[in-house]
Structure formats: C-alpha cells, structure tokens
Amino acid sequence: MGALRVGVIGGGQLARMMTPPAINLAIDIKVLAEAEGSSAALATTMVGDYTQVEVVREFAKSVDVITFDHEHVPLAVLEALEAEGVSVQPPSKALAFAQNKLAMRKRLGALGLPMPDWAEIQDAETLDAFIEAHGGVAILKTPIGGYDGKGVRVVRSASDASDWLGNLAQYGGSLLAEEKVDFVRELAQLSARRPSGQFEPWPLVQTIQENGVCSVVLAPAPAVDQATLDRTAEIAKSVAEGLGVTGVLAVEMFEARDGRILINELAMRPHNSGHFSIEGSVTSQFEQHLRAVLDLPLGSAAPRAAHAVMVNLLGVDGQNDFVQAYSGALAAHPEAKVHTYGKSARAGRKMGHVTVVADSAEHALAEAQGASAVLLRG
Ligand code: ADP
C-alpha cells in the first residue's frame, strides 16, 4: 500500500491535534493554512485562500482525501472538486447542514429528530408572533457565519433585532428563531462514521460554557441513565446517516428541565467537546477522524479511565505566552496533560486545554482547574 495522504483545510488547533496520530499511523498529513505561523504550521504544506477554487484544487492534487479544520469552505468550491473526482469527507451535501442552521433545522425536522421549537423569520411580524407564542422571549440566530455564541441573541421583541432584520441578505435571507430552552445542562454526543457506513459513538459528555464559549467538559456526563445514553447515541447515528456525515460528528444537545433531550448544534469535524478523548479514550477523536475520512476501520471509543475532565485555556488580553508558566504548573499538577495551540493571546480565545483522567471526577476537575489557573496566571 502506498502512503495515505490526508489534506486538511484550515490551520487551527484541530488540524494541529490531528498531526500526532497521523505520525503514528504513517499518514502523510498536509494542511492548507490561511496564513503563515498558524497553529498547524508544522504540517502546513500550502498557505492560501480556501475560498478560491484554484487554490483548493492545487492543494487537492497532493492528497487522497480532503477534510477540514473548520466548516467555512464555500460549498461551490467543494462541489467543483467533487465533480472532478476529489474525495471530500465530509462531503459537501453533509457540510451544507453544518454551514446553515436553518437548513439543519429543516433537515433534522424531516428526520423527526428532537429540537427546540423553531421558525424561519423574514419579517418583524413573524418574529413578534413567535416570541408571543413562546412566553415573551426567544433565541434568535443568524443561520450562517456564527460561532462561539456570536450570531445568537435573546430577543423579547422584534425591535431587539432590527439590525439583523434590516440586513437579511447578509445572513442568507432569513433568521432562525428558537424557543428559549429552559435547560439544566448542555450535553454533547461525539461519534465517527466511515463513508462505507461503520459508526462508533463515544460516551456522552457534559459541556459547561462561559460567555458562550466552552470552558469545561466532563466525560462521561455525570448522572445519566442508560435510556438517555442509548437515546443520545441513537440520535447521533440518525444525524450521521440522515445527513450523510463522514468523519467526526459532534451533536450538541440541551437537557431541558422537563426532561427533553433537544439538538442544538452540529459540528462535522473534531470538536472541543471531544478533546478529552486524547487521554480519556482508547481512540482519540483526532485519530478516529483520520481513520474515518480514509475509510479505515474505526478504533474503540471506550474510555481508558473512569473519568476525564478537560478545561479550556481561554486567553486573557495582554497576557504573555503561558508556556512560561509551565514550570510552576507542571510541578504542581503532574497528572495534568497540557495542550498548547501556539496562538497569540486574545481575550476569550481558545489558547490550549488541560485534561486530567482519574478514578474520581472531583479530583480530575480540581487538578485540571488547578493547572489551568497556574498557566493563565502566567
Ligand atoms: P454557536 O454556533 O455560536 O456556538 P449556538 O447555537 O451553539 O451558537 O448557541 C450558543 C449558546 O447559546 C448555546 O451554547 C446555549 O448556551 C445558548 N442557546 C442557543 N440556542 C438556545 C436555545 N434555543 N435555548 C436556550 N439557549 C440557547
């Protein structure tokens, strides 16, 4: 067999973290980065604009399969390459649902999957009627271009969104209104699927957000009954199969106070909710993604320890590189596995993460938070 060559579009931390398992499996990983000096600079073979079909076509010539660090490559670019016979995983027809929250809601609705009540909004009257019908409050989202809570707003009247309603063309012509779910917590179901069909879910995790950004992940999610575990794995399988997703899929969900499990968001790539799997699982999400997009047999997603806790290192303005705090953090927290993404600090930016695996969830959380505090103090 010749070399296995995977091309990753995007030079962020996800591409960076695909590199160690690629080395282990002798996969030739190549990255198309947006700029020099990205997180994935070690694997970068080309720097260019992924919105230009000629750039991506040139990159694709050097690999057997194209996959992604992010979901922003224009569908038209991917469709052109697919028409020329390039293997794109996940394919453009699946990515379409990750790029547009309204298209995603429509498709999940057609599949009968559980979601918050929602409506497509093109004018103030429809939005006011939706708010009225949902107790005077709704969540309003821009269907395209949002991430980490940007493009998500709580609205009590259409006048809270006159800027968005006045610029609908910029958001694809419509907005997405959703019931404001009274949730007790947020959960994520990570899984992987091969083009030929094999599907492998990881155990359900709980995600904790701060200011709209993931800050802590508890694996497995505490106090979940078997019926819920079966249900969330089944939901992920239905999404992966129903939307034709290949590679890693993260299904973000709400556990509502009334017990409903509702799908919030989808990510069709390795995801922050799965970073724990590097130390916590037999097969990490990064290795599994590479195996899946190459249509190789998937590895076991079983846990390697009773608990894994991941804490994100979120940047602080004006902070210097926290690498200089390694001595203190590593000495005080020898169980902590520190991952640094090589990015410059900006407030709230994901700069790295810390994972601790342990028999006790409390211990893992305390150690991961302890190490994170020392690193961020600098
Ligand atoms: P993004 O794509 O920017 O991550 P999300 O759609 O995941 O945006 O929403 C960001 C956060 O906003 C969620 O993690 C959740 O805390 C809150 N949120 C989103 N939709 C709802 C909803 N329907 N009800 C209640 N809270 C919501």
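Sequential numbering from 1 along the given sequence is applied to the chain's residues. Atoms within each ligand, like the ligands themselves, are counted from 1 in listed order.
Between Gln285 and Pro270 the shortest heavy-atom distance is OE1-CA, 3.2 Å. In this structure, Glu120 and Ser174 approach most closely via the heavy-atom pair OE2-OG, 2.7 Å. A pairwise comparison of heavy atoms in Ile131 and Arg156 identifies CG2-O, 3.6 Å as the closest pair.
In this comparison of Glu186, Glu265, Lys141, the heavy atom closest to atom 15 (C) of ligand 1 sits on Glu186.
The atoms of ligand 1 that sit less than 4.0 Å from any heavy atom of Phe183 are 16 (O), 25 (C), 26 (N). Within the listing of ligand 1, atoms 22 (C), 23 (N), 24 (N) sit less than 4.0 angstrom from a heavy atom of Glu179. Heavy-atom contacts of Lys180 reach the following atoms of ligand 1: 24 (N) (cutoff under 4.0 Å).
Residue contacts with ligand 1: Glu178 is placed with a nitrogen or oxygen under 3.5 Å of a nitrogen or oxygen of the ligand (distance criterion only).
Between the side chains of Ser87 and Gln89, at least one donor N or O lies within less than 3.5 Å of an accepting N or O.
Residue Val181 touches ligand 1 through backbone and side chain together, judged by heavy-atom distances below 4.0 Å.
Residue Trp118 places no heavy atom under 4.0 Å from ligand 1.
Taking the six-membered ring for Trp and the full ring otherwise, His353 and Phe276 have centroids separated by 6.0 Å or more.
Between Lys30 and Asp28, at least one side-chain nitrogen of the basic residue sits less than 4.0 Å from a carboxylate oxygen of the acidic one, meeting the salt-bridge criterion.
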